[in-house]
2 protein chains.
Amino acid sequence: MGFQQNTLKKLSEILGISISTVSRALKDHPDISAKTKERVKELAATLDYEPNNFAVQLRTQQSNVLGILVPTIRNYFYDFFISAVEEEAVKHGYSIMIMQSLDKLSLEISNINVLRRNKILGLFVSISIETEDMTPFRKLQESGIPVVFFDRVAEVSGFRKVCLADEKAAQIAAKSIIEKGKKNVLALFGHPHLSITKLRYASFKNYFDIHARDSKVTYFFPEQVEASREVCLDVFKTEIPDAVFCMGDMILMGVMHAVHEAKLKVPEDISIIGISNGLIPTLYDPKITYVETSGFKLGKLAFKQMYASLKGFNEIEEVILDSVLVEGGSL
Amino acid sequence: MGFQQNTLKKLSEILGISISTVSRALKDHPDISAKTKERVKELAATLDYEPNNFAVQLRTQQSNVLGILVPTIRNYFYDFFISAVEEEAVKHGYSIMIMQSLDKLSLEISNINVLRRNKILGLFVSISIETEDMTPFRKLQESGIPVVFFDRVAEVSGFRKVCLADEKAAQIAAKSIIEKGKKNVLALFGHPHLSITKLRYASFKNYFDIHARDSKVTYFFPEQVEASREVCLDVFKTEIPDAVFCMGDMILMGVMHAVHEAKLKVPEDISIIGISNGLIPTLYDPKITYVETSGFKLGKLAFKQMYASLKGFNEIEEVILDSVLVEGGSL
DNA sequence: GTGAAAGCGCTAACAA
DNA sequence: TTGTTAGCGCTTTCAC
């Protein structure tokens with residue numbers, strides 16, 4: 001509407017001093033006298049003066065925006081991650097711009113361009129399922145925009161990464177299953193293309209190969225809730241495994257549907273263990289035992305990395321966040 | 001790093017033509033000859049030219065960013081809302097900036113300022129629990145930034161709103177309970193300060209008052225999971241109600257914990273019905289019957305409102321989205 | 001301690 | 001069809 005933004009020029013005219021003096025006064029420049037500063041600040045306050053960010057940014061060639069690029073925000077893990085980053089960002093005076101790739105490469109790339117055009121200071125990214133070429137990210141880095149990968153990280157070196165201890169998480173699960181004496185295990189993982197799946201699968205399998213050669217472990221890679229349910233029901237037709245390992249929440253949900261449909265009691269008839277951010281496992285009764293992978297903690301860690309990079313004192317390439325077993329009653 | 005942004009000036013120097021010609025060619029201005037356009041575009045492509053948004057924005061005095069301000073993004077309802085808005089926004093060439101108030105008034109206000117400083121084109125907002133004064137939003141509107149309220153909306157007029165049919169949702173739930181012949185009902189609502197609670201409570205109560213005077217309905221207002229669980233367990237000590245109504249997912253989760261702890265079978269011993277966005281109710285067995293309130297659909301609707309406002313042809317103040325009963329097996 | 005002036009990269013009115 | 005020019009609002013160097 002008729003609303004007009006106040007500018008330095010306007011203030012300077014009212015006060016009868018120059019624009020540059022006003023600018024300096026507002027920034028507490030040492031050259032400016034206390035009296036002038038006071039006058040300027042008072043007027044600025046009463047007029048609700050707000051600097052025009054575009055002009056500042058054009059002049060200084062940098063924004064205060066950090067980008068986050070995730071497959072989807074409809075996911076507790078990313079939610080928590082984003083929350084954590086945002087919390088820290090606000091503390092340090094940065095803003096956050098969030099974009100979703102929806103696991104599509106084309107969207108990921110166009111989002112990167114949007115972020116670049118918005119002159120983000122730095123980028124947090126968890127790559128899409130389809131991503132293989134790291135060139136766009138390398139380009140960002142080369143143009144001075146630090147990139148911090150998290151969760152689903154680039155498999156090549158030369159990038160900063162914060163990861164969950166994925167091998168460790170899967171190992172902890174494997175160890176727990178073995179310790180409980182479960183010999184016949186159904187292990188369900190996610191999309192086999194993702195490095196997170198590869199890591200978890202490899203270390204889970206490896207742990208069993210070394211510590212429980214006599215166990216029977218069956219592996220499947222269903223991607224979502226429905227696929228997991230179907231895999232389970234299919235397996236149950238032949239035999240009921242002692243324990244089911246679920247790599248993620250979606251898989252767990254599918255498994256639990258199957259377990260109920262097959263009228264199996266947990267943990268009497270069948271044991272369940274998962275890897276999760278924490279909400280879903282607590283919804284069941286008994287609560288599901290799971291290895292915790294905290295998006296929140298990861299977010300805090302990622303921000304630390306980013307901040308260090310922005311300030312130019314980051315030497316560390318990869319940080320790994322440990323996992324913990326949270327006992328429910330399902331194992 | 002040494003990376004330098006290409007500018008119109010650079011392109012113009014290389015091509016030996018003026019800056020404005022380059023600018024116009026890139027925008028397919030009708031004045032420019034096809035041949036020049038081609039030359040310019042080709043060079044722009046090979047040099048990876050990207051317009052400097054700050055300059056564009058400073059010049060045009062507007063960004064292409066839409067703001068979203070929600071209490072928290074750690075919530076399926078808002079998640080879906082944001083996803084929907086983002087989907088539409090990307091289609092129309094807008095970006096999204098998301099901020100959380102964490103239900104604190106102070107944060108809400110400082111976020112509004114951040115958004116304003118970033119010259120957002122428009123704002124979607126679901127207000128915090130503490131918000132009572134609508135002045136900041138009114139100011140935004142007055143400075144030409146359309147505000148679309150959703151979910152938790154301003155109770156005063158003069159603002160655009162998209163709401164769920166909250167009365168309707170609660171009515172549908174009440175009706176279903178009555179039709180199933182449940183006479184002893186425990187009804188749990190959220191924070192009594194919120195308009196969404198008030199609406200749902202009033203219409204639920206009203207429906208019972210009119211259509212089932214002989215029913216006994218007990219009301220409580222627990223805010224989160226744990227409080228709901230405790231309220232339930234407390235009630236169960238005295239008597240087991242025929243049915244429990246849960247205004248939201250958090251409440252439902254608490255109730256289900258209590259139900260399990262009390263070893264009650266659903267729906268034989270006790271019926272459950274909720275209002276939900278859809279994920280949580282499907283996790284239980286049997287699935288919980290719920291009245292669906294879709295954040296996704298609401299987001300689409302909100303964007304439509306925003307788009308109309310931006311284009312200057314929005315006459316409608318309030319839009320209400322209908323609710324549907326999704327039958328599980330819990331009632 | 002303060003002011004004048006240049007210029008960040010872009011758009012658009014006006015000139016040619 | 002293309003070029004010239006004047007700014008958008010700010011920061012900062014240099015001059016006084």
Side-chain angles (χ1 to χ4, degrees), chain A residues 3-41 43-44 47-65 93 113 116-121 143-144, chain B residues 3-41 43-44 47-65 93 113 116-121 143-144:
Chain A
F3 187 95
Q4 190 51 49
Q5 176 88 2
N6 289 311
T7 65
L8 290 185
K9 192 174 166 199
K10 203 165 180 179
L11 299 201
S12 75
E13 278 165 2
I14 296 177
L15 293 168
I17 57 180
S18 79
I19 295 178
S20 37
T21 304
V22 177
S23 170
R24 282 185 282 234
L26 252 17
K27 308 194 114 54
D28 265 330
H29 191 107
D31 278 0
I32 306 296
S33 73
K35 215 176 112 199
T36 307
K37 278 184 192 168
E38 206 188 330
R39 288 210 313 144
V40 171
K41 285 184 182 171
L43 183 66
L47 288 191
D48 256 348
Y49 169 78
E50 276 173 9
N52 182 319
N53 253 347
F54 300 154
V56 175
Q57 290 167 345
L58 174 59
R59 184 59 236 244
T60 61
Q61 285 303 329
Q62 58 166 266
S63 74
N64 65 334
V65 178
N113 286 329
R116 152 170 261 144
R117 268 196 293 278
N118 279 279
K119 289 278 185 304
I120 50 165
L121 268 183
S143 52
Chain B
F3 187 94
Q4 189 53 47
Q5 176 88 7
N6 290 312
T7 65
L8 290 185
K9 192 174 166 198
K10 204 165 180 179
L11 299 200
S12 74
E13 278 165 2
I14 296 177
L15 293 168
I17 58 181
S18 80
I19 295 179
S20 41
T21 303
V22 178
S23 170
R24 282 185 282 233
L26 252 18
K27 306 191 118 53
D28 264 330
H29 191 106
D31 278 359
I32 305 296
S33 72
K35 212 176 117 199
T36 309
K37 278 183 191 169
E38 204 187 332
R39 286 210 314 143
V40 171
K41 285 184 182 171
L43 182 66
L47 288 192
D48 255 346
Y49 169 78
E50 277 173 8
N52 183 320
N53 254 347
F54 300 154
V56 175
Q57 290 166 347
L58 174 58
R59 183 60 235 243
T60 60
Q61 284 304 327
Q62 57 166 268
S63 73
N64 66 335
V65 178
N113 287 328
R116 154 171 258 140
R117 268 197 293 277
N118 279 279
K119 291 274 185 304
I120 50 164
L121 267 185
S143 52

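Side-chain atoms are counted along with the backbone in the values below, which use heavy atoms only and exclude waters and symmetry mates. Below, read A as the first sequence line, B as the second, and so on, with proteins coming before strands; counting in each chain starts at 1.
- The stretch residues 23-38 of chain A touches DNA chain D through A:S23, A:R24, A:K27, each having a heavy atom under 4.0 angstrom from the strand.
- Smallest separation of non-hydrogen atoms from B:G93 and B:N64: O-ND2, 3.4 Å.
- Protein atom NZ of B:K119 is 12 Å distant from nucleotide atom C1' of D:dC10, rounded to whole Å.
- What separates CD1 of B:I19 from P of C:dG7 is a distance of 13 Å, to the nearest Å.
- If you measure from atom CG of A:N53 to atom P of D:dC8, you get 18 Å, rounded to the nearest angstrom.
- Shown here for A:A25 and A:K41, the closest heavy-atom pair between the two residues is O-CE, 3.7 Å.
- We find that CG of A:L11 is positioned 12 Å from C1' of D:dC10, with the value rounded to whole Å.
- Using a 4.0 Å heavy-atom distance criterion, A:I17 is classed as a sugar-phosphate-only contact.
- B:L8 contributes atom CG, which lies 11.0 Å from atom CG of B:L15 (distance to the nearest 0.5 angstrom).
- Rounded to whole Å, the distance from CG on B:N52 to C1' on D:dC8 is 13 Å.
- Contact check, A:Y49 against D:dC10: a side-chain N or O comes under 4.0 Å of OP1 or OP2.
- Side chain of A:K119 to backbone of B:N52: no donor-acceptor contact under 3.5 angstrom is found.
- Atom-to-atom, NZ of A:K9 to P of C:dG3 comes out at 16 Å; the value is rounded to the nearest Å.
- Taking every heavy atom of both residues into account, B:S63 and B:V65 meet most closely at OG-N, 3.1 Å.
- More than 12 heavy atoms of other shown residues, nucleotides or ligands fall within 6.0 angstrom of atom CD in A:E13.
- Contact annotation: B:T21 reaches the phosphate of D:dG3 (side-chain N/O to OP1 or OP2, under 4.0 Å).
- Within a 6.0 Å sphere centred on CD of B:E50, heavy atoms belonging to other residues, nucleotides or ligands number more than 12.
- Rounded to an integer number of Å, the gap from B:E50 CD to C:dC8 C1' is 18 Å.
- Annotation: of the two residues near DNA chain D, B:L58 and B:V22, the 5′-most nearest-nucleotide partner is B:V22.
- Between the NZ atom of B:K10 and the P atom of C:dC10 there is a distance of 11 Å, given to the nearest Å.
- Listed nucleotides D:dT4, C:dC8, D:dC10 differ in distance to A:V56; the shortest reach to its side chain belongs to D:dC10.
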